[in-house]
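Just so you know, ligand 1 is whichever comes first in the structure, and atom 1 is the first atom listed for that ligand. It should be emphasised that the depicted structure is a prediction, and the values quoted were computed from it without experimental measurement.
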Amino acid sequence: MTDASTISDGLVVTIHYELALSDGKVVDSSKGHDPLAYLHGAGNLVPGLESALVGKAKGDALKVAVKPEEGYGERSEEAIQVVPRENFPEDAEPEAGMHFQATNPNGAPIMGTIVELKDGMVTVDFNHPLAGETLNFDVQIVEIRKATEEETQHGHVHGEGGHED
Ligand code: ZN
């Protein structure tokens, strides 16, 4: 039997969190929203945050600085590509700073950011927007419960703070 008093793999954990970068800029926060529910050990969080939460109990608060290699990875120059404007749909109007979803060679969705348009070519950055950043999380643990069988199978949380199905 899994004890649900402290965080371990297979439990559903509900947290309030704030994510700030090294310069103090807050880029994500659950404040003013419902807390986030996730399935621990299923890779729903970045690895550095997930490992820092192991063994914590309801009511605990922690601050953790997650290095890029344990977060969204280092920035890669290879992830910056120059593609012809024609590769974008006719009706798309690419402009610098725009985010869009594309498909990688394995068929998985990836996010791209348009860096520049020049001479019919578009420079696209496929790095995660937070790649290369140290992630400063401020976390409060709101709730810990056992996962349902369905949640365990799906690898994510259902219901409040989680997925629809
Ligand atoms: Zn599901």
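- Excluding waters, the set of protein N, O or S atoms lying under 2.8 Å from the Zn ion (ligand 1) comprises His154 ND1, His156 NE2, His158 NE2, Asp165 O.
- Ring-plane geometry between His156 and His154 is classed as perpendicular, the angle between the planes exceeding 60 degrees on a 0 to 90 degree scale with a lower cut at 30.
- Shown here are the ring pair (Phe, Tyr, Trp, His ring centres under 6.0 Å) partners of Phe126, two or more places apart in sequence or in another chain: there are none.
- Between Thr123 and Ile114, every side-chain heavy-atom pair lies at or beyond the 4.5 Å cut-off.
- Tyr17 meets the ring pair (Phe, Tyr, Trp, His ring centres under 6.0 Å) test with no other residue; sequence neighbours excluded.
- Note that the OG atom of Ser51 and the CD atom of Glu70 stand 5.5 Å from one another [nearest 0.5 Å].
- For residues 16-30, the set of pairs meeting the salt bridge (Lys or Arg N to Asp or Glu O under 4.0 Å) definition, not counting sequence neighbours, comprises Glu18-Lys31.
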